S.K.: 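Got a structure for you, questions after.
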Amino acid sequence: MTTPLPAASGVELFGVPLEFVLFALTLLGVATLHHRTLEVALTGLVTIALYKVAFTGFHEGSGFAGFAGHLGAEWVVLANLFGC
C-alpha cells in the first residue's frame with residue numbers, strides 16, 4: 001500500500017491559499033456575470049484544477065496521477081452532482 005504524498009504548500013496571499021482566492025473570484029464572477037454562469041463556473045473549475053495539478057497537488061499525490069486519485073476518492077460526490 002502506498003502512502004499519499006503530502007501536498008506542497010502553494011502560494012498564499014495575506015495568509016490565504018491561492019486556491020481559496022481563485023474560488024472566491026469564481027463566486028464573484030458567477031454573481032456578477034449571472035448571464036454567463038456556466039462559462040464562469042467551468043472556467044473557475046478548470047483554473048483551480050490546473051493550479052492544483054501544476055503546483056500544489058492533492059492528498060492522493062501530485063500531478064495528473066494525484067488528480068485521478070482524487071477523482072477516484074470523490075466518485076460518489078461527483079455521481080450525485082451529475083445526477084447518476
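Position 1 is the first residue of the sequence; numbering continues from there. Model, not experiment: these values are computed from the prediction.
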S.K.: Spell out, yes or no, whether Leu42 and Leu71 are grouped together once hydrophobic residues are joined by side-chain heavy atoms under 4.5 Å, including indirect joins.
M.R.: no
S.K.: Side chains of Phe58 and Lys52: does their closest heavy-atom pair fall under 4.5 Å?
M.R.: yes
S.K.: Do you know which two heavy atoms are closest between Gly66 and Glu60, and how far apart they sit?
M.R.: O-CB, 3.9 Å
S.K.: Looking at Ile48, Thr43, Leu50, which one forms a side chain to side chain contact (heavy atoms under 4.5 Å, CB included) with Val46?
M.R.: Leu50
S.K.: Could you give the distance from CG (Leu45) to CG (Leu22), rounded to the nearest 0.5 Å?
M.R.: 11.5 Å
S.K.: Measuring only between side-chain heavy atoms, which start at C-beta, is Tyr51 closer than 4.5 Å to Thr56?
M.R.: yes
S.K.: Output the distance between atom CZ (Phe20) and atom CG (Leu13), rounded to the nearest 0.5 Å.
M.R.: 12.5 Å
S.K.: CD/Glu74 to CG/Asn80 distance, rounded to the nearest 0.5 angstrom?
M.R.: 11.0 Å
S.K.: So do Arg36 and Leu38 actually touch side chain to side chain, heavy atoms under 4.5 Å?
M.R.: no
S.K.: Please report the closest heavy-atom contact between Leu33 and Val40, naming both atoms and the distance.
M.R.: CD1-CG2, 3.9 Å
S.K.: Does one hydrophobic cluster hold both Val16 and Val11, with members joined at side-chain heavy-atom distances below 4.5 Å?
M.R.: yes
S.K.: Report yes if some heavy atom in the side chain of Phe55 is under 4.5 Å from a heavy atom in the side chain of Leu18; otherwise report no.
M.R.: no
S.K.: Same cluster or not: are Val30 and Leu28 linked, directly or through other Ile, Leu, Val, Met, Phe, Trp or Tyr residues, by side-chain heavy atoms under 4.5 angstrom apart?
M.R.: no
